[in-house]
Structures are given as C-alpha cells and as structure tokens.
Chemist: 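Can you read through this structure? Questions will come right after.
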Amino acid sequence: MDTFLTMTVILLAFVVLLGYFNEKVTKLTHEIALMLFSVGIGGLLVIAGIAFQGTETVLQSLKDFRIFDLEEFLMEGVLCFMLFAGSCHMRLRDFKRHARPVFVLSIAATFLGAVFYGLLFYGAGRLLSLSLDLPVCLMFGSIVAPTDPIAATSILKKFNLPSNISFIIEGESLLNDGVGVALFVFFSSMVTAEENSGFFPVMAKEIFGALLVGVVVTGICFPIFRRTCDGARQIFTSLLAVSLSYVLCETFGFSGAIASVVCGVLFSALRNYVEAKEEKMDLELFDNFWEVLDTLLNSVLYVMLGLSFVHILQMPKVLTLSCVAVLANMIGRSGSLAVSVLFTGPLPDGYDKPAFVKLLTWGGLRGGLSVALAMSTQSMLDESLFYIILGGTYAIVFFTTIIQGLTMPSVYRKIQGGL
C-alpha cells in the first residue's frame, strides 16, 4: 500500500479521534489537546517498547516517522498554503483604527525579539562552549520570533477579550509570519554569505525575487478571482496563485515562503479595495475553505510534533539546551514587547502597557512556521548545529503550546485582576 496514503489515514485518525475525545471529555483548546495527547501516545509507545521489545525498534520507527513525514509535510507540501491562509483573511479596513500598534508590534517586536533572542542564545552558547557564531544565533532568533496565529487566537478568544485589544493581538500574529520569514531570509543570507557571492546579493535575490513573483502571479490570477461568479473557481484560483508562486520561487532560488505571504496579503488587500468601491464579493465559501484548510493542516502538524517528541529526547544536551532556549525566548519576547509598546500609543479597552506586555508574552505561542524554518537550515549548517537549532525550536514550540497554553487562563485572570 502507498506509504503516503497510509500515513495520511493514520494522521487523520489521530486528528479526528483525539479531537473528538477532547471535545467530549477534556475540553482543552484544540491545538493543545492534539499535541499533549500525541506526546502521551509517543511516550506510551516507548514504554511498550521497553516492556516488550526494547526501545531501539520503537525509537527508530518514530525517528523515521518524523524525518519522512514532518519535513516533507512542511517544506515540500503545505507550508505555502499555511502562510497564504494566515494572511488572506485580513480586513485591511479594520486595520485603520489600530494600524499603529499592529504594525509596531508585528514589525518592531518581531525584529527586536529575533535580535534579543539571538544575542541571549549566543551568550549562553559561549558559556556552554558551543560552536555557535552570532549570525547563526540571529537566524535562530528569527526562527522562533513569529507567533502562531491559529494557536494564539484560538486560546485568547476563549477569554472573551475586549474586541479592540483582541484585534490588535490577532493582527500582530497574522502579520509577523511574513516579517519573521523576511528576517529569516536576511539572517540566513548572512550565514551562507561565505559560500555564495556575498550577503546582500543573496538576500536581494531571495526577497525581491519573491516579491516580484508574488506580485506578478497575483496580478494574473486576481482578475479571474474577482470576475468569476463560481465560489469553487475562486478557491481554485487562489490555490493556483499560491502554489504557482511557490513553485516558481523554488525553481529560481527565491523565497517561496515570502511569495506565499505576498500572495495572501495582496489577495486580502485587493478584495478589500474592491469591496470599498461597493462592489460586493460573495466570498463566504472562499473564507470557509481557507479557514478549514488552515485548521486541518495545523491539526496534522500538532499531531506530528507530539509524536516527534521522542526524537528530541535523543539529542545531546537536550535538557540544558531546551531550558536555555525556553528562557531566552521568554526574555527575548518580553523585552521586545516592552520596547515596542513605548511606540504604540495609548492602548484600547483600559489596558495599561505592563499588563499588555504580560498578556502577549505568555500568549505568544509558536507553531508550524518555526519548525519549518528550523528544518530548512539543514542544508546551511553542519549536523551538530542543525540539531541544536531544531531541538531548541521543538522545545520552544512544546513549552509555549502546552505549558503556556494550559496556564493561560490563570495568567489572564491575574492580569485582569490587576487592571
């Protein structure tokens, strides 16, 4: 039987059964439940291996599962669609009311978070005698700086946040994906500059080439999207735009991730422009499709991340590196937000800036984009450095999703009590 089909059935079974169990019994946030239960299942498989067959076969099978599925799932399969889905729903007209805080947080906080994290991890690496240079650490910072919009907003919506503050948080999480990808291209170009013709030519090629491809492809596809009256054809056109952009970028050596974000933002901007001219577009099917697809892809990703937990335990110095990565992430995130809110202006809904920084720091969950970017560094780094970055990224994703996600209700209540 085809391996891909078999693994698809297994993953969908996990998503459906674990999701149904959570809906009826545990009632946790969907993303938290999938990862938490998947980690538990992976642990039970290891225990079973110890009790009955020894661990070698079980550990190797889980390692093979991660290498075959997770990397191909993200880098060669669906990353472009996840990025497009995260950016095509933005209502740019609503951004006018909160444009300043949203753009300051999504750009300045993401940039500062990457730099602060990189500097902190570089210092920790020196103390631990790890062979990490500064450009690699800054690239690592850009990997873990963007927050995950699906996990973060789904958790925060449960608390019935005031609408204005909720919009700012959601807008920041939607936009910082694109900012994070651009920073990753920037810092990874520094890492690979010695092997290529130089830092700026590499960066310019990846970023500006991706921008050009995204603009041209959207310019070709959006007129069809706008003029067709068939909702299914609108979906097909958007799928064509993002996949064609990604393929062209991969062919010519540009950043397919940036092109995917560009397509999503342009589709969002153009549809808002058309609707502003009072030309109503019926996009309910389009919006529902991309929302469901985004949820499905993220659900499968969280299951695979949970099952990959065993592989992380095999990495050298995993406990020390995980603690360093998580601590640096918390300091970098809170520090970048503390600086950024100085320039956001007054916050709505009675929030003061210290409370807002606490809310966004603990609500800053990481997800699929960080893992995908970490995996893409394999061709740039030697094996030891690659596993340091991959292991640190896994640790941050696990900690922010499970620990921060589960404790978010109590943290939110304390923040609200202090307002």
Chemist: Could you list the donor-acceptor pairs under 3.5 angstrom formed between side-chain atoms of residues 109-125 and any protein atom two or more places apart in sequence or on another chain?
Modeler:
unit_1, atom_1, unit_2, atom_2, d
T110, OG1, S106, O, 2.7
Y122, OH, R126, NH1, 2.9

Chemist: Looking at every non-hydrogen atom in both residues, tell me the closest pair between F184 and M380 and how far apart they are.
Modeler: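 F184 and M380 have their closest heavy atoms at CZ-CE, 3.9 Å.
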Chemist: Can you tell me if R333 uses its side chain to pair, donor with acceptor, with the backbone of L360 under 3.5 Å?
Modeler: yes
Chemist: Just by distance, do the side chain of N176 and the backbone of P146 share a donor-acceptor pair under 3.5 Å?
Modeler: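 A pair under 3.5 Å: no.
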Chemist: Under 3.5 Å, side chain of S376 to main-chain N/O of L373, donor-acceptor pair present?
Modeler: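 Yes: the side chain of S376 pairs with the backbone of L373.
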Chemist: Of all heavy-atom pairs between E275 and M281, which one has the smallest distance, and what is that distance?
Modeler: OE2-O, 4.0 Å
Chemist: Would you please name every residue forming a side chain to side chain donor-acceptor pair (under 3.5 Å) with D282, sequence neighbours left out?
Modeler: none
Chemist: For atom CZ of F236, decide whether the heavy atoms of other residues, nucleotides or ligands shown that lie under 6.0 angstrom number more than 12.
Modeler: no
Chemist: Between F84 and W290, how do the two ring planes meet: parallel, tilted or perpendicular, split at 30° and 60°?
Modeler: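 Answer is tilted, since the angle falls between 30° and 60°.
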Chemist: Listed by chain and number, what are the ring pair (Phe, Tyr, Trp, His ring centres under 6.0 Å) partners of Y273, not counting sequence neighbours?
Modeler: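 Testing Y273 for ring pair (Phe, Tyr, Trp, His ring centres under 6.0 Å), a comparison that skips the adjacent residues, returns none.
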Chemist: May I ask you to check whether over 12 heavy atoms, not counting those of K358, lie within 6.0 Å of atom NZ?
Modeler: no
Chemist: Is T401 reaching over with its side chain to a backbone N or O of I32, donor-acceptor style, under 3.5 angstrom?
Modeler: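 No, because the side chain of T401 does not come within donor-acceptor range (under 3.5 Å) of the backbone of I32.
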Chemist: In this structure, which one of L297, L296, N298 forms a side chain to side chain contact (heavy atoms under 4.5 Å, CB included) with V300?
Modeler: L296
Chemist: Answer with yes or no whether the side chains of T228 and D230 bring together a donor and an acceptor at under 3.5 Å.
Modeler: no
Chemist: Is a donor on one side and an acceptor on the other found under 3.5 Å between the side chain of T400 and the backbone of V397?
Modeler: yes
Chemist: Checking S245 side chain against A259 main chain: does a donor-acceptor pair fall under 3.5 Å?
Modeler: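 No, the answer is negative, given that no donor and acceptor are paired below the 3.5 Å cut-off.
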Chemist: Under 3.5 Å, is there a donor-acceptor pair between the side chain of N329 and the main chain of A325?
Modeler: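 Pair absent, no side-chain N/O of N329 close to backbone of A325.
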Chemist: When rounded to the nearest 0.5 angstrom, what is the spacing between CD1 in I168 and CG in L105?
Modeler: 7.5 Å
